[in-house]
Protein chains: 2
Amino acid sequence: MGTVSKALELLDLFRRDRPQIGLSDLARLSGVNKATCFRLMTELQTYGLIEQIGAAREYRIGPAVLRLAALREEVAPFKSVVVPILTALAESTGESTHVSVLAGDRVELVHFVYSTQHGTRVMMHDADHLPFHASSSGLAILAHAPEALRERILARKLPKFTPQTQTDPAIIRARLDEIRRSGIAESAGSFEEDVHSVAVPLFNARSTCMGAVAVAAPSARMSDALRARIKAEIITAALQIMQLRGGIPPEGFALGAPPSIPSPP
Amino acid sequence: MGTVSKALELLDLFRRDRPQIGLSDLARLSGVNKATCFRLMTELQTYGLIEQIGAAREYRIGPAVLRLAALREEVAPFKSVVVPILTALAESTGESTHVSVLAGDRVELVHFVYSTQHGTRVMMHDADHLPFHASSSGLAILAHAPEALRERILARKLPKFTPQTQTDPAIIRARLDEIRRSGIAESAGSFEEDVHSVAVPLFNARSTCMGAVAVAAPSARMSDALRARIKAEIITAALQIMQLRGGIPPEGFALGAPPSIPSPP
DNA sequence: TTTATCTGGTTCATTATTCAAACCATTGGT
DNA sequence: ACCAATGGTTTGAATAATGAACCAGATAAA
């Protein structure tokens, strides 16, 4: 792994629940030598991807991302398109919704909207990226990802987040086939206990999968009726997003086809 | 210069007027060897800062910035605070407004709003970062930047964008003194011909200058009356931004004090 | 006060990565 | 068929990254 990757992976340590980190912690968390860590951080800092603040001289994400994000949004609008649709979806289903994209070898959670209908709701748990094998979004994306990526992911040792997490590559592979068939991915408590989520993939203009929309509900609330409602609504949401972004589902992609097995695990 | 910096500087080649670049062009533009360029791009790509698209396999800014920007916005809200104020400022002055931040050693243009009052207006020209010595924002920031940064910038050879561009470090230094005195920076045609802009610095909670707000008008329209109006409005806008962000102007900072010389060049 | 242990930051010989110029394989135009 | 592009890959030679040890300062316990 190159130096640049190492530096960028340092950025992954910054999350919603831990937005600023000191040098020593950074070295500890990353396993990178402190001196190296320091050098990398100063380099990221001179570009502005990182800034150093406060008396404790902690590091955090810097202002350069604003420019990059603005540029990205200009050339490939996403947030402006997605957020209204996500909001509507949260409204119509009464549950938390989110959209994630495939960035490099990770599924990144880029936006989420909470519904205000229920007192209990699925919170986004300070996670910034979702596991391929244990989240409905990850599964949806993995199912439609290029062969190479899928194999690369499944070759890794997959962490077991809950007792329900499936980590056997063979079984996951079979499940991906099923997801490809139905167009919809589900995950029940496989990433977080008591969270049941439903996701559909998003395709870009070249019909390659670049993300997913998902609805996540507390397991206790996930009745057959709600599941049916979510599936219907999430499909229209996904189609709207793809239409506005110029995305085209690949040849023979079935959105919402009835699964051959009654109900996924 | 380290490898990481080199990789990140590659990102700077992507701009609004040139959002996607092929490998050969990238190597040409950066002066970096093609093989090196390729390796760096693939590393940036696996992180998602860059993505490769289309038949021509061109590179562009990738989806990872979305996550970083979201994180940044959560820990240090900026856009959500700044855009409404910028819009109001554009409204009340009838001219284009923008806000830029100091990121590393550059002034990055992070957001701009156009007024709809006039048929002619200053467009943001596809520039993503502004020169310190030839833009009102750059001057405002430079005037209040730490000594070290100021000297570093002035030690460089400063490009001459127009006949009006001042490139003599000594004269610029004198002008910075004046800007510090008045609190307001002006630039008339020094970056782009026929553009007259006014800027005031923004300070963070530790009273260090981290950006600037600016209003840019066509020179032809910049009357004394308009200038006075802009100055008044831009000051309130800057104060609003700082208030909402918890920014504190440094001890003895004079916003809108009358300049000792009637009118800057 | 002494001692111990944190912290951010620095040094320097060893080592591994990056560099540059060449070369491939395709593609598009003449 | 040719030429000039393109994206991508290989090669010894040069350069940069690395990590253990080391500061100096702050904090806290003894």
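Lettering follows sequence order; numbering is per chain, from 1.
Between B:Arg67 and A:Asp12 there is a salt bridge, since at least one side-chain N of the basic residue sits less than 4.0 Å from a carboxylate O of the acidic one. Here B:Arg156 pairs with B:Asp105 in a salt bridge; the nearest charged N to carboxylate O distance falls below 4.0 Å. For the pair A:Glu73 and A:Lys79, the salt-bridge criterion is not met [side-chain N within less than 4.0 Å of a carboxylate O]. Of the charged side-chain nitrogens involved, none lies within less than 4.0 Å of a carboxylate oxygen, so that B:Arg152 and B:Glu147 do not count as a salt-bridged pair.
In this structure, B:Thr208 OG1 and B:Leu149 CG are separated by 11.0 Å, a value rounded to the nearest 0.5 Å. Atoms OG and CD1, from B:Ser30 and B:Ile21 in turn, are 9.0 Å apart once rounded to the nearest 0.5 Å. Separation of atoms CZ (B:Arg106) and OG1 (A:Thr46) is listed at 9.5 Å; rounding is to 0.5 Å. Note that CG of A:Leu66 and CZ of B:Arg72 are 6.0 Å apart. Values are rounded to the nearest 0.5 Å.
The rotation axes computed at either terminus of the helix from C:dT1-D:dA30 to C:dT30-D:dA1 lie 40° apart, taking five pairs at each end and rounding to 10 degrees.
When DNA chain C is scanned 5' to 3' for any atom under 4.0 Å from a heavy atom of chain A, the first and last hits are C:dT7 to C:dT18.
When heavy atoms are screened at a 4.0 angstrom cut-off, A:Gln52 is found touching the sugar-phosphate backbone but no base atom.
When each of B:Arg175, B:Arg180, B:Arg181 is tested with B:Glu178 by the rule side chain to side chain donor-acceptor pair (under 3.5 Å), just one qualifies, namely B:Arg181.
Residue A:Arg39 contributes atom CZ, which lies 13 Å from atom C1' of D:dT15 at whole-angstrom precision. The NZ-P distance, from B:Lys6 to D:dA14, rounds to 16 Å in whole Å. Distance A:Leu10 CG to D:dA17 C1': 14 Å, rounded to the nearest Å. Distance B:Leu40 CG to D:dG8 C1': 15 Å, rounded to the nearest Å.
In this model, the phosphate group of D:dG7 is not approached by any side-chain N or O of B:Arg28 to a distance below 4.0 Å at OP1 or OP2. Look at A:Thr36 and you'll find a side-chain N or O under 4.0 angstrom from OP1 or OP2 of D:dG19. Residue B:Tyr59 places no side-chain N or O under 4.0 Å from the OP1 or OP2 atom of D:dT6.
Under a cut-off of 6.0 angstrom, the local environment of CD in A:Glu151 is crowded, with over 12 non-hydrogen atoms contributed by other residues, nucleotides or ligands.
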Which atoms of nucleotides 9-12 of chain D (N or O only) lie under 3.5 Å from a protein N or O atom, and what are those distances?
none

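Aromatic pair B:Tyr59/B:Phe14: ring centres not closer than 6.0 Å.
Each of A:Arg57 and A:Thr3 has a nearest nucleotide on DNA chain C; the 5'-most of these lies closest to A:Arg57.
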